[in-house]
Engineer: 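Take a look at this one; I'll ask things after.
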Amino acid sequence: MRTIRLSANGEASIEHAAGIIRCGGLVAFPTETVYGLGANALDGTAAKKIFMAKDRPVWDPLIVHVHSREMLESVVPSLPARFDDLFSAFMPGPLTLVIRKSAAVPDVVTAGRETVAVRFPAHSVAQRLIAASNVPIAAPSANRFGCVSPTTADHVLADLDGRIEAVLDGGQCDIGVESTVLDLTATKPLILRHGAVTREQLQRVLGDVDVPDPGTLSPPQTGLLSPGMMPRHYAPRTKLLLSSWCESALASAVEERLEKKVGALVPTGWNISAAAKFDWGRWGDLVTLASRLYAGLRWLDEQKLDVIIAPLPGEEELGGAIRERLLKASGGAMCPPLGGRRG
Ligand code: TXA
Ligand code: MG
């Protein structure tokens, strides 16, 4: 199959893409977080194609994207307590809610679960595509399973060219890390994935929120709260190691491996002697660091390196989402402390 690139500017392209969705095909499209790979969420056969194109295991459920509260209500039998507060605070936006599902949603979309993950994206192209398709759109991130999520149409094509009908090119995604996933079916709201809506922001609206016990992070298929929580995910092919958060720790981690070809995600202005450096953005500017994270990992992955090293930010605000992605991308591999054993 030839994958066509449609400019997201014109209404004709949106109509073209919506026609593909209505006919049961696959279209990648931009959202404010990352690009999604969309299919008609009410058509099980179409949704199944997403799993094939991504090589995604069928036990990992998809997010259903809507463009209005009315459409959201069409995929759930009732709205949970606190929904209104969350809707007015964060929607449309980078928040995905896990809610009991209605029979309208095919089992393949939810991987047989009784719950569905729903999201109302803030990106105008995503909204216009869903409105023109006139059906909710099931969409995971538009990358091969387990790999780094795409924040440009080029990233999508690098992974999925020839496997999907079209990509709507809407330029670079603003936020750059995936939505926060919040489970509203537990007694207390539970953050299944950290994202652009931070724990602090949710706490201001909901009071208390839970984060999962690390013991639930594996194994992937059985009894897992959210299958995407498995330990290695969002990963480049090159081995990734993490250093602690300061310039001297990153510099030492690189210098201790001079016999290897080392690349690094380097905060602007840090003096690091790596063979390949990606200018990540000013340390402390978490918005920029999040938006450039995946582009940086993808670029470094193309530089034929032995190892990539990245400094790990703290848990506050957007740091929580960046940290979670880096820990998963590296499988949690930290550089040994200063003077420690070489790895
Ligand atoms: O920002 C985003 O969320 C992007 C854009 C395209 O919307 N989408 C995205 O989808 O990141 P995906 O499939 O890569 O990640 C969805 C996560 C996975 O970890 C999946 O296991 C979890 O949500 N999930 C989906 N449905 C669920 C459910 N019913 N219960 C628990 N977790 C669920
Ligand atoms: Mg994904």
Side-chain angles (χ1 to χ4, degrees), residues 27-39 41 47 50-51 53-67 75-76 90-101 105-123 125-127 129-130 136-151 155-156 159-160 167-168 170 173-186 190-197 212 216-217 220-221 223-235 290 294 321 324-325 328-329:
V27 177
F29 61 97
T31 80
E32 72 278 27
T33 57
V34 300
Y35 274 72
L37 176 57
I50 292 177
F51 292 88
K54 277 189 62 123
D55 294 325
R56 181 178 174 113
V58 291
W59 44 258
D60 196 358
L62 307 174
I63 296 177
V64 172
H65 295 69
V66 299
H67 74 100
V75 296
V76 298
F90 305 115
M91 290 177 156
L95 178 66
T96 296
L97 299 176
V98 174
I99 306 179
R100 300 242 155 264
K101 83 173 187 81
V105 186
D107 282 346
V108 62
V109 170
T110 61
R113 289 170 179 245
E114 292 304 311
T115 55
V116 61
V118 282
R119 168 156 132 72
F120 180 176
H123 199 292
V125 172
Q127 291 180 356
L129 175 65
I130 302 164
I137 293 185
S141 50
N143 52 281
R144 294 285 188 107
F145 181 71
C147 298
V148 177
S149 295
T151 54
H155 294 166
V156 173
D159 276 19
L160 299 175
V167 55
L168 264 174
C173 302
D174 281 346
I175 294 174
V177 290
E178 301 83 348
S179 62
T180 307
V181 179
L182 185 71
D183 186 351
L184 291 179
T185 65
L190 177 67
I191 297 177
L192 295 177
R193 179 174 72 185
H194 291 280
V197 173
T216 54
L217 290 180
Q221 295 94 327
L224 198 69
L225 287 171
S226 184
M229 287 162 65
M230 59 208 219
R232 194 170 153 79
H233 214 79
Y234 314 113
Y294 288 146
E324 188 179 82
R325 301 310 182 279
K328 285 188 180 166

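These numbers were taken from a predicted model, which means no experiment stands behind them. Sequence positions, counted from 1, serve as the residue numbers for this chain. Counting starts at 1 for both ligands and their atoms, in listed order.
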Engineer: Would you say Asp60 and Pro140 make side-chain contact, with heavy atoms under 4.5 Å?
Structural biologist: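 Of all side-chain heavy-atom pairs linking Pro140 with Asp60, none is under 4.5 Å.
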Engineer: Below 4.0 Å, non-hydrogen atoms only: which portion of Thr110 touches ligand 1? Side chain, backbone, both or neither.
Structural biologist: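 No part of Thr110 comes within reach of ligand 1.
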Engineer: At under 4.0 Å between heavy atoms, which part of Thr33 makes contact with ligand 1: side chain, backbone, both or neither?
Structural biologist: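 The side chain, only.
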Engineer: At under 4.0 Å between heavy atoms, is it the side chain or the backbone of Asp60 that contacts ligand 1, or both, or neither?
Structural biologist: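 Only the side chain of Asp60 comes within reach of ligand 1.
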Engineer: Go through ligand 1 atom by atom and flag the ones less than 4.0 Å from a non-hydrogen atom of Glu178.
Structural biologist: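 So the answer, numbered in order with elements, is 1 (O), 2 (C), 11 (O).
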Engineer: Val34 versus His155: any side-chain heavy-atom pair under 4.5 Å?
Structural biologist: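 SC-SC contact between Val34 and His155 ruled out.
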Engineer: Run the numbers for me: atoms of ligand 1, each under 4.0 Å from some heavy atom of Gly36, listed by number.
Structural biologist: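 Result: 6 (C).
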Engineer: Looking at Arg119 and Glu32, is there a salt bridge between them, counting it only when a charged N and a carboxylate O are closer than 4.0 Å?
Structural biologist: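 Yes, this pair counts.
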Engineer: Indicate yes or no: at least one non-hydrogen side-chain atom of Lys54 is less than 4.5 angstrom from one of Ser141.
Structural biologist: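 A side-chain contact exists here, since the closest heavy-atom pair is under 4.5 Å.
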Engineer: Less than 4.0 Å between a side-chain N and a carboxylate O, is that true for Asp55 and Arg144?
Structural biologist: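 Salt bridge flag = yes for Asp55 with Arg144.
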Engineer: Is it the side chain (CB and beyond), the backbone, both or neither of Arg100 that lies under 4.0 Å from ligand 1, heavy atoms counted?
Structural biologist: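 Under 4.0 Å from ligand 1, Arg100 contributes no heavy atoms.
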Engineer: Would one find an N, O or S atom of Asn143, in either backbone or side chain, under 2.8 Å from the Mg ion (ligand 2)?
Structural biologist: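 Checking Asn143: none of its N, O or S atoms is under 2.8 Å.
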